[in-house]
Amino acid sequence: MQKRGFICILVLGLSLMLGACSSSSSDMESTGHSSAKSVAATDNNSAKVDTATTATAADSKQPASGFTNSGNKTGEDKKLIYKAELSIRVKDYRKVQTEVRAQIGQAGGYIVQFSENQNDEQLAGNFIIKIPAAGFTSFIDGIGKIKHESLEQNIEGQDVTEEYVDLESRLKAKMIMEERYTSFMKNATKTDELVKFANELGRIQEEIEQAKGRMRFIDNNVAYSTVTIHLSQSVGTAQTVDSGKENTPLVERAKDALSGTLHVLYLLLQWTVIVLSGALPILILGAVLAVVIWRVRKVRAERRAVTRAAIRKATSGEAQDHAVSKIEEVSSEESES
C-alpha cells in the first residue's frame with residue numbers, strides 16, 4: 001500500500017511538472033510571435049518613412065519649368081554659371097543706353113567694359129555687365145521690354161558642380177599633405193632631406209593656391225552672371241549723336257562758337273611762339289649781318305659825297321668833269337671789290 005501511494009504521488013508530481021513545462025513553452029511561443037510581429041511592423045514603418053523621404057528628395061530634385069535661376073540650387077548645392085548675349089537695334093541710341101544703365105543699377109550689377117563707335121552708317125555701343133545671379137532672369141526680361149526694332153538673345157548655363165567638388169577634394173588632400181610635409185621638415189635632421197621636403201612643400205602649396213584661385217573664380221562667376229549687350233542704331237533712321245545740339249539755346253551755341261574760335265587762336269599763338277623760338281638764332285644772325293652791311297654802305301656814301309663836294313670847289317669845267325668821272329670809276333671799283 002505504501003508503495004502504491006508513493007507511485008501515485010510520483011505520477012501526480014510528474015504530471016504537474018509536465019503541465020508547467022507545457023504552459024511555459026506556450027507562453028514563450030506567444031511572446032516570440034508577438035516580438036516578431038512588432039519587429040515586422042517596425043520594419044514596415046521604417047520602409048514607409050524611407051520611401052516617403054526618397055519621394056520627397058526626388059520631387060525636390062525636379063527642376064522648375066522654364067528658365068529660372070533661384071540661387072543655383074535644385075535639390076542640392078549646384079554651381080551654375082549663366083551667360084547671356086543680346087543684340088538690340090534701336091531708334092534712339094542715347095535714350096536706350098540711359099535705360100540700360102538705369103536697369104543695371106536697379107539690378108545691383110556693374111559695368112565691366114564699355115565701348116562705343118560711330119561711322120557713316122551706324123552708331124553702336126557694347127556693354128559687358130556683371131549681374132547678381134538671383135536677378136539674372138528679371139534683368140534679361142527688363143532689357144527685352146525696352147523699345148527696339150530687333151532683338152537677338154543667346155542664353156546659356158554651365159554646370160561646374162563636378163569640377164568644384166573635385167577641386168574641394170583635391171584641396172583637402174593637398175592641405176593634409178601640406179601639414180605632413182611641414183611636420184617632416186620640423187623633424188628633419190639631414191640637409192638633403194630638408195631640401196627635398198621644402199621643394200615638395202613648395203609644389204604642394206602652389207597647387208593649393210591654384211585650386212583656391214580656381215574655386216574663387218567659379219564662386220565669383222556663379223554669384224555674378226555675365227551679360228553682353230550690343231546696342232546699335234542706323235544713323236539715317238533717327239537722331240544722330242550731335243542732333244541734340246540743334247535744340248540747345250542760342251546763347252549756349254554762341255558760347256560754344258566763341259570758345260572754339262578762342263581755342264583756335266590760342267593754338268595759332270602757340271605754334272607761332274614755337275616757330276619763332278626755333279628760328280631765333282637764325283634771325284639774330286641775319287639782323288647782325290644786315291646792320292653791318294647797312295653801316296658799311298652808309299660810311300662809303302658819306303665819303304663819296306664829301307669827295308664830290310671838295311672836287312667841285314677845287315676844279316671847274318672839264319677838269320671837274322674829268323675828276324668826277326675818275327671818282328665814279330673809283331667808287332665803282334670799290335663797290336665791285
Side-chain angles (χ1 to χ4, degrees), residues 63-73 78-160 214 216-257 259-260 263:
S65 61
F67 179 78
T68 58
N69 181 20
S70 58
N72 294 334
K73 291 185 178 180
K78 289 283 187 181
K79 295 290 183 181
L80 302 175
I81 298 176
Y82 290 101
K83 296 180 181 179
E85 184 172 0
L86 292 82
S87 298
I88 309 173
R89 181 171 290 276
V90 297
K91 290 184 177 180
D92 191 344
Y93 169 80
R94 294 299 182 191
K95 181 179 178 181
V96 173
Q97 184 188 133
T98 303
E99 293 180 5
V100 170
R101 291 180 182 272
Q103 291 202 19
I104 293 171
Q106 292 175 1
Y110 59 92
I111 299 173
V112 177
Q113 182 179 350
F114 173 74
S115 61
E116 188 177 70
N117 59 80
Q118 180 184 11
N119 53 36
D120 295 337
E121 297 179 356
Q122 70 174 5
L123 172 64
N126 298 318
F127 289 88
I128 298 179
I129 310 162
K130 286 289 187 179
I131 297 295
F136 176 75
T137 305
S138 59
F139 177 77
I140 298 298
D141 293 340
I143 295 296
K145 293 178 182 178
I146 295 177
K147 187 176 181 181
H148 57 269
E149 293 182 344
S150 64
L151 172 63
E152 296 179 4
Q153 61 180 4
N154 180 26
I155 303 174
E156 61 178 345
Q158 180 183 3
D159 189 351
V160 293
R214 180 61 182 171
R216 285 193 296 268
F217 175 80
I218 292 175
D219 288 334
N220 291 335
N221 281 276
V222 169
Y224 282 84
S225 303
T226 304
V227 181
T228 303
I229 300 177
H230 306 284
L231 291 178
S232 62
Q233 170 199 326
S234 298
V235 174
T237 59
Q239 300 178 356
T240 59
V241 180
D242 297 331
S243 60
K245 294 183 179 180
E246 296 178 358
N247 298 325
T248 56
L250 178 62
V251 177
E252 295 294 332
R253 284 186 283 172
K255 288 182 179 179
D256 293 339
S259 62
H263 181 66

By salt bridge (charged side-chain N to carboxylate O under 4.0 Å, His left out), R214 pairs with (sequence neighbours left out) E163
Please evaluate residues I146 and I88 with respect to the criterion side-chain contact (heavy atoms from CB on, under 4.5 Å), reporting the C-alpha separation (whole Å), side-chain torsions for both, the decisive distance (0.1 Å), and the verdict. CA-CA 9 Å; I146 295 177; I88 309 173; 5.9 Å; no
Yes or no on side-chain contact (heavy atoms from CB on, under 4.5 Å) for F139 and I104, after CA distance, side-chain angles and deciding distance? CA-CA 8 Å; F139 177 77; I104 293 171; 4.0 Å; yes
To the closest 0.5 Å, what do you measure between CD1 (I155) and OG1 (T137)? 7.5 Å
Heavy-atom closest contact (V222 atom, A133 atom, distance): O-CB, 3.2 Å
Only counting residues at least two apart or in another chain, list the ones meeting side chain to side chain donor-acceptor pair (under 3.5 Å) with Q97. Y93, R101, E116
Nearest 0.5 Å, please: how far is CD1 in I128 from OG in S115? 7.5 Å
Can you measure from OG1 (T228) to CZ (F127) and round to the nearest 0.5 angstrom? 11.5 Å
More than 12 heavy atoms of other residues, nucleotides or ligands under 6.0 Å from CZ of F217: yes or no? no
Closest heavy-atom pair, S232 versus Q122, reported as atoms and distance to 0.1 Å, is CB-OE1, 3.9 Å
Non-neighbouring partners of E85 that pass salt bridge (charged side-chain N to carboxylate O under 4.0 Å, His left out), sequence neighbours left out: none
Evaluate the side-chain contact (heavy atoms from CB on, under 4.5 Å) criterion for residues Y224 and N220: first the C-alpha distance (whole Å), next the side-chain angles of each, then the deciding distance (0.1 Å), finally the verdict. CA-CA 6 Å; Y224 282 84; N220 291 335; over 6 Å; no
Could you give the distance from NZ (K147) to NZ (K91), rounded to the nearest 0.5 Å? 5.5 Å
Tell me, please, which residues at least two apart from D219 pass side chain to side chain donor-acceptor pair (under 3.5 Å). K79, Y164
Check R89 against Q233 and note the closest heavy-atom contact, atom names and distance. NH1-C, 4.4 Å
Show your working on side-chain contact (heavy atoms from CB on, under 4.5 Å) between H148 and V96 and close with a plain yes or no. CA-CA 9 Å; H148 57 269; V96 173; over 6 Å; no
Determine the minimum heavy-atom distance between A84 and F136, stating which atoms define it. CB-CZ, 3.6 Å
Inter-residue atom distance I129.CD1 - I111.CD1, 0.5 Å rounding: 6.0 Å
Measuring from atom NZ of K83 to atom CG of N221, what distance do you get when rounded to the nearest 0.5 angstrom? 7.0 Å
The criterion is side chain to side chain donor-acceptor pair (under 3.5 Å); which residues satisfy it with S138, sequence neighbours excluded? none
Show me the pairs that pass salt bridge (charged side-chain N to carboxylate O under 4.0 Å, His left out) and involve residues 128-138, at least two apart or across chains. none
